[in-house]
Protein chains: 2
Amino acid sequence: MREMIARLHSQGGRLTSQRRLIFEVLQEMDSHPTAEEVYAIVNQQAPNLHLSTVYRTLRWLEQEGLVSTRHFQEKRRTERFDSSHPAEHHHFVCTACQRVIEFNSPYIDHIKEEFTLDTGVRVERASIELYGLCADCQAQSKGGL
Amino acid sequence: MREMIARLHSQGGRLTSQRRLIFEVLQEMDSHPTAEEVYAIVNQQAPNLHLSTVYRTLRWLEQEGLVSTRHFQEKRRTERFDSSHPAEHHHFVCTACQRVIEFNSPYIDHIKEEFTLDTGVRVERASIELYGLCADCQAQSKGGL
DNA sequence: TTGTGTGCAAAGGGTTTGCATTAAT
DNA sequence: ATTAATGCAAACCCTTTGCACACAA
């Protein structure tokens, strides 16, 4: 939040009530919401706030490196916004409840190194998604049978 | 191709000239084309063949497990169709020339196992994308300076 | 007061669908 | 002869954009 205000000021930007609200809501959502999902919540507290404002704010945050975006493999082909720490991290998505768990692993560097040695490319970033059932959903599907 | 015909017949489907052409073109394209890219080529040989037919054929192939789809991180948010061997594999994308290199690594299993042990999830599949510069584009950017 | 950000409506790009017609079986 | 698949156009969904007004600085 401080971060956001600082960046706004340093480029002649303005802190509007809309930007503040969108940013706050985004940080409270621990999942990786779509623009529409952010809008749905934000809109309850500010009924006039328009979806296009949500997009514009999200894009500005993206450009500033305060959020990043992802596409998970899902039916509706929508972009998801990730407001957590900007360092590289990866995602597990539960295919039953859609819950997202973030993770990291030193093996990822091994993969990058191995691939670099094999092919001579320069790897700049990696994005890993794991899909499956979270512990809760496994339990539930067992119980249900 | 045989595979495709077999599946068509086994479910009362028909092998049309359009399906044959789309499938052939798709397999000759070693990259991971968008529907529009497939259409552009296919359309040269069959000017009446409509984009919606490309989509329908691609979706049918996807459903049959003969192609899979991906989203790479790129400006235009388009789906890419992958006709290579259906076994799990992963992708490096050159951010300069868009070239795609497929790869695999035993470390991927380590990542899955590690994450499973840590969290109790059941991992069903993984999708890894690496981004960077391929060897050619590195050489070119050096030469260009 | 100044000009950035907003609300709104309309356009945009990628993908899907309904329907009359064509063509594989 | 049947009925699945196609061509076409229109609809769809997600996202962006143009413009007049509002409001943070």
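Residue numbers start from 1 in every chain, and the chains themselves are labelled A, B, ... in the order their sequence lines are given, proteins ahead of strands.
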Please round to the nearest 0.5 Å and tell me the distance separating atom [atom1] of [X] and atom [atom2] of [Y].
{"X": "B:Ile111", "Y": "A:Leu130", "atom1": "CD1", "atom2": "CG", "result": "7.5 Å"}
{"X": "A:Glu3", "Y": "A:Phe23", "atom1": "CD", "atom2": "CZ", "result": "8.0 Å"}
{"X": "A:Ser31", "Y": "A:Arg80", "atom1": "OG", "atom2": "CZ", "result": "6.5 Å"}
{"X": "B:Tyr39", "Y": "B:His50", "atom1": "OH", "atom2": "NE2", "result": "6.0 Å"}

What I'd like to find out is whether the side chain of A:Phe115 reaches to under 4.5 Å of the side chain of A:Val121, using heavy atoms alone.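 In contact.
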Under 4.5 Å between side-chain heavy atoms, chaining through other members, with only Ile, Leu, Val, Met, Phe, Trp and Tyr counted: pull out the rest of the cluster around A:Leu117, sorted by chain and number. none
Stretch residues 11-31 of chain B: residues that reach within less than 4.0 Å of DNA chain C through a heavy atom: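 Hits under 4.0 Å, by residue number: B:Arg14, B:Leu15.
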Could you walk me through whether A:Glu88 and A:Lys112 pass salt bridge (charged side-chain N to carboxylate O under 4.0 Å, His left out), step by step? CA-CA 13 Å; A:Glu88 187 173 287; A:Lys112 293 184 190 176; 3.2 Å; yes
Between B:Gln98 (side chain only) and B:Ala96 (backbone N and O only), is there a donor and an acceptor less than 3.5 Å apart?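 Such a contact is found between B:Gln98 side chain and B:Ala96 backbone.
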A:Arg14 backbone acceptor or donor facing A:Arg19 side chain under 3.5 Å: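 Looks like yes, one N/O pair under 3.5 Å.
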Need two values: the first and the last nucleotide of DNA chain C, 5' to 3', having an atom under 4.0 Å from any heavy-atom of chain B. C:dG14 to C:dT25
List in numerical order all residues of [range] for which some heavy atom is under 4.0 Å away from an atom belonging to DNA chain D.
{"range": "residues 49-65 of chain B", "value": "B:Leu49, B:His50, B:Ser52, B:Thr53, B:Arg56"}
{"range": "residues 66-84 of chain B", "value": "B:Arg77"}
{"range": "residues 32-48 of chain B", "value": "B:Asn48"}

Flag for [Y]-[X]: side-chain donor and acceptor within less than 3.5 Å:
{"X": "A:Thr53", "Y": "A:Gln18", "value": "no"}
{"X": "B:Ser84", "Y": "B:Glu102", "value": "yes"}
{"X": "A:Arg77", "Y": "B:His71", "value": "no"}

When A:Glu79 is tested against each of A:Leu58, A:Thr69, A:Thr34 for side-chain contact (heavy atoms from CB on, under 4.5 Å), which residue passes? A:Thr69
Evaluation steps, side chain to side chain donor-acceptor pair (under 3.5 Å), between B:His32 and B:Asp82: CA-CA 5 Å; B:His32 292 62; B:Asp82 181 347; 3.3 Å; yes
Pick out which of B:Glu129, B:His91, B:His90 makes a side chain to side chain donor-acceptor pair (under 3.5 Å) with B:Arg70. B:His91
